[in-house]
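Comments concern the structure below.
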Amino acid sequence: MAFRSKEIMKKIVKKVGEDNLAPGLKCALKKSIPDSKVVMGRAKRGIFAGRHIQFGNRVSEDGGNKTRRTWKPNVQGKRLFSYILDRHICVKVTTHALRCIDKAGGIDEYLLKTPYNKMDTELGLLWKAKIENMYEELGQMEVVFFSPEDEVKFEQGFRELKLAERAARREFRRQFYGGSAKQKQTESGIADLHPAADSVTGDESVHSDDHEPLVANA
């Protein structure tokens with residue numbers, strides 16, 4: 001367990017220095033730091049969306065005896081696609097977080113819409129800051145629009161490239177598997193010829209043995 005807001009604030013003050021922090025900046029930092037008091041240790045390595053371990057009692061049916069127990073969240077390992085990163089992100093998420101991500105429209109939209117004080121995990125804060133910086137850099141880039149004719153040409157070029165790639169793969173497979181089949185046929189043909197040659201040499205030796213006594217008798 002960890003008291004997240006106090007712990008993060010202590011780390012920031014230790015790195016920056018309490019004298020270097022202005023009063024207004026200190027208040028702004030407190031607002032951007034997660035409010036949740038208790039967070040699971042493994043929640044730091046995933047996106048849990050506020051779902052953490054809970055404590056309670058197990059009550060028996062007969063005597064009403066109470067025994068302490070815990071409820072852990074349903075955590076799943078998922079591969080979520082990020083459009084800004086153009087790749088999949090492997091992350092541990094709860095089922096509640098998955099529903100929130102689906103409702104937001106994707107992992108990027110969920111991280112952008114969720115405020116910092118509600119993002120109660122270190123991994124979520126890291127990805128949120130990273131994606132925000134990438135979207136900010138993307139907004140500063142110049143955008144070039146193509147005409148519909150150019151887009152049609154690009155699509156046609158991509159199609160031709162894909163067709164050429166498929167044809168090259170098909171030709172390589174045909175040569176590879178066809179060459180191996182021909183090699184097997186030649187090897188089997190050579191193996192069939194060897195016993196025939198052995199039989200021919202055996203017959204010649206028998207005939208030569210038959211001629212020798214005839215010459216001696218003559």
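Since the model is a prediction, treat every value here as computed from it, not as a measurement. The residues of the chain are indexed from 1 along the displayed sequence.
The cluster map of Ile, Leu, Val, Met, Phe, Trp and Tyr, joined by side-chain heavy atoms under 4.5 Å apart, puts L126 and I89 in different clusters. Taking hydrophobic clusters as Ile, Leu, Val, Met, Phe, Trp and Tyr residues chained together by side-chain heavy-atom distances below 4.5 Å, Y135 shares a cluster with L80.
Between the CZ atom in R51 and the CG atom in N74 there is a gap of 11.5 Å [rounded to 0.5 Å]. Note: K130 NZ to L125 CG = 14.5 Å, rounded to the nearest 0.5 Å. Between atom NZ of residue K92 and atom CD of residue Q76 there is a gap of 8.5 Å, rounded to the nearest 0.5 Å. To the nearest 0.5 Å, atom CD1 of residue I101 and atom OH of residue Y110 are 6.5 Å apart. Between the NE2 atom in H52 and the CD atom in Q54 there is a gap of 10.0 Å [rounded to 0.5 Å].
Using cut-offs of 30° and 60° for the angle between ring planes, the Y83 and F81 rings count as perpendicular.
Residues I47 and I107 meet the side-chain proximity criterion, which asks for heavy atoms closer than 4.5 Å. With contacts defined as side-chain heavy-atom distances shorter than 4.5 Å, the pair N65/V59 does not qualify. The shortest side-chain heavy-atom distance between W127 and V91 does not fall under the 4.5 Å cut-off. Residues W71 and I53 fail the side-chain proximity criterion, which asks for heavy atoms closer than 4.5 Å.
Taking 4.0 Å as the cut-off between side-chain N and carboxylate O, E165 and K162 do not count as a salt-bridged pair. Note on K128 versus E132: salt bridge recorded, some NZ/NE/NH1/NH2 to OD/OE distance being below 4.0 Å.
By the neighbour-count criterion of 12 heavy atoms within 6.0 Å, atom CZ of R79 is sparsely surrounded, having that number or fewer from other residues, nucleotides or ligands.
Side-chain contact, R68 with N57: a donor N or O sits under 3.5 Å from an acceptor N or O.
With H96 as the fixed residue, the side-chain contact (heavy atoms from CB on, under 4.5 Å) test singles out one of T94, V93, L98: T94.
Between the side chain of D108 and the backbone N or O of I84, at least one donor-acceptor pair lies under 3.5 Å. With hydrogens and angles disregarded, no donor-acceptor distance shorter than 3.5 Å links the side chain of S82 to the backbone of D86.
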